[in-house]
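Keep in mind that the numbers below use all heavy atoms, side chains included, and drop hydrogens, waters and symmetry copies. A note on names: the letters A, B, ... follow the listed sequences, proteins ahead of strands, and every chain is numbered from 1.
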2 protein chains.
Amino acid sequence: MMNSDQAATLLKQKGVRPSYQRLRVLQYLHEHIGHPTAEEIFTALSVDIPTLSRTTIYNTLHTFVSYGLVNCLTLDGVETRYDVVLQKHGHFKCHRCGTIFNFMMDVDRIETSGLEGFVIENKNIIFTGICPDCSFKKTKKGE
Amino acid sequence: MMNSDQAATLLKQKGVRPSYQRLRVLQYLHEHIGHPTAEEIFTALSVDIPTLSRTTIYNTLHTFVSYGLVNCLTLDGVETRYDVVLQKHGHFKCHRCGTIFNFMMDVDRIETSGLEGFVIENKNIIFTGICPDCSFKKTKKGE
DNA sequence: ATCATTATTGTAATGATTACAATATAGGTT
DNA sequence: AACCTATATTGTAATCATTACAATAATGAT
Ligand SMILES: [Mn+2]
Ligand SMILES: [Mn+2]
Ligand SMILES: [Zn+2]
Ligand SMILES: [Zn+2]
């Protein structure tokens, strides 16, 4: 998916010093595009890097966001999640299994009224409901 | 805007016991539609109700949400905000002054791809940027 | 008035995130 | 290569919103 060299190149390209921890976090994000939390990243990388600090994860993620390497999203408000897919897309959260899905949409085609004079910098689309998997399980159980 | 009797009627209508605290919270929400936080409501009502507990505010808001009296929204992830405007609308948060504005849009006209088989229960639209007021101040300062 | 149900209160706990200071590392300069 | 400064990492303590929980109070039906 993304090897160490590719990660280093990407970081240097953006002006971020490619430390070992940062490389690993960036690689993890590219290998786990399901919107992981800081804690999930920390837990996963701790196995390989026993000295890893939670603070480093937070610092790294903040750096990545400010340098435009990742986007952060807070769907529910309990945990911030990180997204390495930079292409504009919407998010669907299944309230049964908690999975966050990406979906495509033409963000700029949304017609609004009441935003005259507003400078729009970001458009965030969040849908909630039940995913096909959970929907199917529910139907089966109901029989 | 909404007097005690109106609030009581609304609560009874929805099957929520109209305690004094609940009446006051509901009234506050109707008089402050700028998406207040639990803390803001608590601080404001504490003046009048010195024995008021923060827990009551949280309980009350949870009750209101579950009975469909208000909606909650978590735009940034730091604080949950409460919205008594039940009509579907989008939110714009100014990252300069922090104000959260409502705007109108046809939510159902959004075309998506990749959500086949998903049961959509809620559509949340959040824009961020700079509001006209802050935009104007910035321009003036720049002269 | 009695009694069971429900609401309120206060305090303690939780959990994600931030603040901060000490230590370690990286990369440029001599 | 050794040196030095800027930057990154680490560990711990603090913060802040929210929740858990148990005691007390109020409500509404009988
Ligand atoms: Mn995504
Ligand atoms: Mn609103
Ligand atoms: Zn699901
Ligand atoms: Zn503003």
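- Residues B:Thr128 and A:Asn124 are not in side-chain contact: their nearest non-hydrogen atoms beyond the backbone lie 4.5 Å or more apart.
- Screening B:Leu29, B:Leu11, B:Val84 against B:Leu69 for a side-chain contact (heavy atoms from CB on, under 4.5 Å) leaves a single residue, B:Leu11.
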(request) Treat primed atoms plus P, OP1 and OP2 as sugar-phosphate and everything else as base, then score nucleotides 12-24 of chain C 5' to 3': B for base contact with protein heavy atoms under 4.0 Å, S for sugar-phosphate contact only, - for none. (result) ----SBBBB----

(request) Could you provide the dot-bracket string of DNA chain C, using ( ) for intrastrand pairs, [ ] for crossing pairs and | for bases paired to another strand, with Watson-Crick or G-U pairs below 3.5 Å? (result) ||||||||||||||||||||||||||||||

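- Side-chain atoms of A:His95 and B:Glu121 form a donor-acceptor pair, as typed in the model, at a separation below 3.5 Å.
- Listed pair A:Ser19 / D:dT9 meets the phosphate criterion, a side-chain N or O lying under 4.0 Å from OP1 or OP2.
- With rounding to whole Å, A:Leu45 atom CG is found 15 Å from D:dT10 atom C1'.
- Distance, A:Phe64 CZ to D:dA8 C1': 12 Å, rounded to whole Å.
- The nearest whole Å value for the distance from the CD1 atom in B:Ile57 to the P atom in C:dA7 is 15 Å.
- Distance B:Leu61 CG to C:dT8 C1': 14 Å, rounded to the nearest Å.
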Kindly list each side-chain donor-acceptor pair under 3.5 angstrom involving residues 101-110 of chain A, sequence neighbours excluded, with atom names and distances?
| residue | atom | partner | partner atom | Å |
| --- | --- | --- | --- | --- |
| A:Asn102 | OD1 | A:His35 | NE2 | 2.9 |
| A:Asn102 | OD1 | A:His89 | NE2 | 3.1 |
| A:Asn102 | OD1 | A:His91 | NE2 | 3.2 |
| A:Asp106 | OD1 | A:Asp108 | N | 3.4 |
| A:Asp106 | OD2 | A:Arg109 | NE | 3.3 |
| A:Asp106 | OD2 | A:Arg109 | NH2 | 3.0 |

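- Along DNA chain C, the nucleotide nearest B:Pro50 and the nucleotide nearest B:Arg22 are compared for position; the residue whose nucleotide lies closer to the 5' end is B:Arg22.
- Between B:Ile49 atom CD1 and D:dA25 atom P the separation is 18 Å, expressed in whole Å.
- Both B:Ser53 and B:Arg17 lie near DNA chain C, and the one whose nearest nucleotide falls closer to the 5' end is B:Arg17.
- When all heavy atoms are compared, the tightest approach of A:Thr80 to A:Cys72 is CG2-CB, 3.8 Å.
- Looking at every heavy atom in both residues, B:Ala38 comes nearest to B:Tyr58 through CB-CE2, 3.7 Å.
- Shown here is B:Ile120, whose CD1 atom has more than 12 heavy atoms of other residues, nucleotides or ligands within 6.0 Å.
- Distance, B:Leu52 CG to C:dT8 C1': 9 Å, rounded to whole Å.
- Going from atom CG of B:Leu11 over to atom P of D:dG28 covers 12 Å, rounded to whole Å.
- Between B:Arg22 and the choices B:Thr56, B:Asn59, B:Thr63, the side-chain contact (heavy atoms from CB on, under 4.5 Å) rule is met once, by B:Thr63.
- Considering B:Ile126, B:Thr74, B:Ile125, B:Asn122 as possible partners of A:Ile126, the one that fulfils the side-chain contact (heavy atoms from CB on, under 4.5 Å) test is B:Ile126.
- Phosphate proximity of D:dA26 to B:Gln21: absent, as no side-chain N or O sits under 4.0 Å from OP1 or OP2.
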